[in-house]
Amino acid sequence: MTNSEKYKTPENKTLTVADFRNALFLKFNKPTMYWALMAMLLSYFYNLSVLNYSAIGSNELRIYDFAGLFLFYFYFTNFSYVEYFIKTQPFLVGLHQFLKYCLFSLLFTLFFSIYFERYLYFFSGILYLYHFYVFFLTAVFLSILMRSAKHLKTFVTVSLVLSIIAFLIVILQNLGIVPFLWGETYKKIYHSFLSGTFGPNKIVSGMSALIMSVLSIGLINTKGVTISRGIIYTNLCLALLALMISGSRTAYVGLGVFLLYFAIRQPFSIVYSSIGLGFFLTLLAVTQPGLLQKTIEVYENRVEKKISDEEDLKNANVNQLYEDLGAGRNRLLVYYSNLLAEEYYFLPLGRGFNNRILTGSSAHNMYLSLIYEVGLVGVIMYVRWLILYLFVRMRRLRVLETTLHGLILSMLVTLFFGEHLYVYRALFGLAGLFLFVATVLTSPLFLAKSDPERIQNFPEN
């Protein structure tokens, strides 16, 4: 959609797309919106609860539970205009359509919850979908405010600083300086896994590290970025170190996919990124040899020692490698495949969003889980949303375009081994962090080239 295309407001005043976006910037560029978005950004790196209550068992509320209320207020009080803005970018439309379908499929979840008298699944489904909508609205409102280069720089700089602090906590935990932060219940469930403030699971810290590493690589190699190179390189180094310490094999695969694609498309940029990383590794080997050795040991224990026969790796025996490294995912694959085959009449529409009443756990495969819950219709809509990012073109910013496409390809591959871009657990904000980074990488599509102050009288909703 070009800037020459027209939109009509409910008052029939005709605006260009650029005028419309500028007007929305003026409308939403308020302290309440700004700080609500800042709170959302903080919540992606600080997942610890801020309020505990006992409505249905032991429950916790996090920062995004509260900040999201402000975003929903702005959304509903400016519904027509936000909906218009969403329609200006296909990838926003794609996710919005998927979320609306998930909302519809909650009716199926309600039916099964009543039938099996498992009401908690329906109520947790409402909470999880609320989180997904909040993450989406954060991306939408960030896209609006990022028309200002000043706001864009501020949000990205804050995210990098928060990321540095969060990954530093993870590293200090592994050095025995900072204790486990998630309480005894999580300590037992996740075997004292050290993930700082991200969430007590390997996939959370690992994928967070991957996503922030990708952002740093894109920023380092993009001309015109005014953010301190020192901050960006520090984040990249700490994120990669935290990724390796996490032991998340899914994150390892994601990093490999991204680096392969980026190296093919931007070979000189990958060399440039490696220079600073090389200095960091040298410094780490000299000052903290124990930490570097632990990183190597984690990788060996999580990958090399899990492979039963080295010949499988040399011969690319995918089936055996998947069994060795999949942590039981091969059995879940068979189990869910049999479920889908036996109850094929659920394939078109699924059993309902967050409906795991009969399985108790996810498939650890995004595509199988989606087919089970929201059917073929839902999984097609979900994959379509991600693929729409691959059609984004930024001719003058090829590095950012390559970074975005590499991130999407990385996600499309790793979603075969997990549900990190979903909302299966209330304490994980990975989907939100991904949407933030995707919004930053696509921000040139929204940046204003003209003075937004030239439109003053915007019709009230």
Inset, instruction - Pick out which of Tyr75, Phe446, Phe74, Phe141 makes a ring pair (Phe, Tyr, Trp, His ring centres under 6.0 Å) with Phe85. - result: Phe446
Inset, instruction - Assign the ring pair His96 / Phe136 to parallel, tilted or perpendicular, where the plane angle (0 to 90°) is split at 30° and 60°. - result: parallel
Legend entry - Contacts of type side chain to side chain donor-acceptor pair (under 3.5 Å), residue Ser410, not counting sequence neighbours: none
Legend entry - Phe123/Tyr119 aromatic ring centres below 6.0 Å: no
Inset, instruction - Please report the shortest heavy-atom distance between Met244 and Tyr252, naming the atom on each side. - result: O-OH, 2.7 Å
Inset, instruction - Would you check if there is a donor-acceptor pair between the side chains of His420 and Thr250 at a distance under 3.5 Å? - result: no
Inset, instruction - Would you give the length of the straight line joining atom CD1 of Ile232 to atom CG of Leu236, rounded to the nearest 0.5 angstrom? - result: 9.5 Å
Inset, instruction - Indicate the atoms forming the closest heavy-atom contact of Ile231 with Ile164, along with that distance. - result: O-CD1, 3.6 Å
Legend entry - Shortest non-hydrogen separation from Leu103 to Leu129 and the atoms involved: CA-CD2, 3.6 Å
Inset, instruction - Look at the aromatic rings of Tyr422 and Phe98 and report parallel, tilted or perpendicular, splitting at 30° and 60°. - result: tilted
Inset, instruction - Run the numbers on Phe167 and Met212 for side-chain contact (heavy atoms from CB on, under 4.5 Å), then give the verdict. - result: CA-CA 10 Å; Phe167 290 129; Met212 291 307 295; 4.1 Å; yes
Inset, instruction - Would you check if Val253 and Phe416 make a side-chain contact, meaning some heavy-atom pair closer than 4.5 Å? - result: no
Inset, instruction - Give a yes or no on whether the ring-centroid distance for Phe135 and Tyr64 is below 6.0 angstrom. - result: yes
Legend entry - Criterion ring pair (Phe, Tyr, Trp, His ring centres under 6.0 Å) against Tyr34, the qualifying member of Phe25, Phe155, Phe28: Phe155
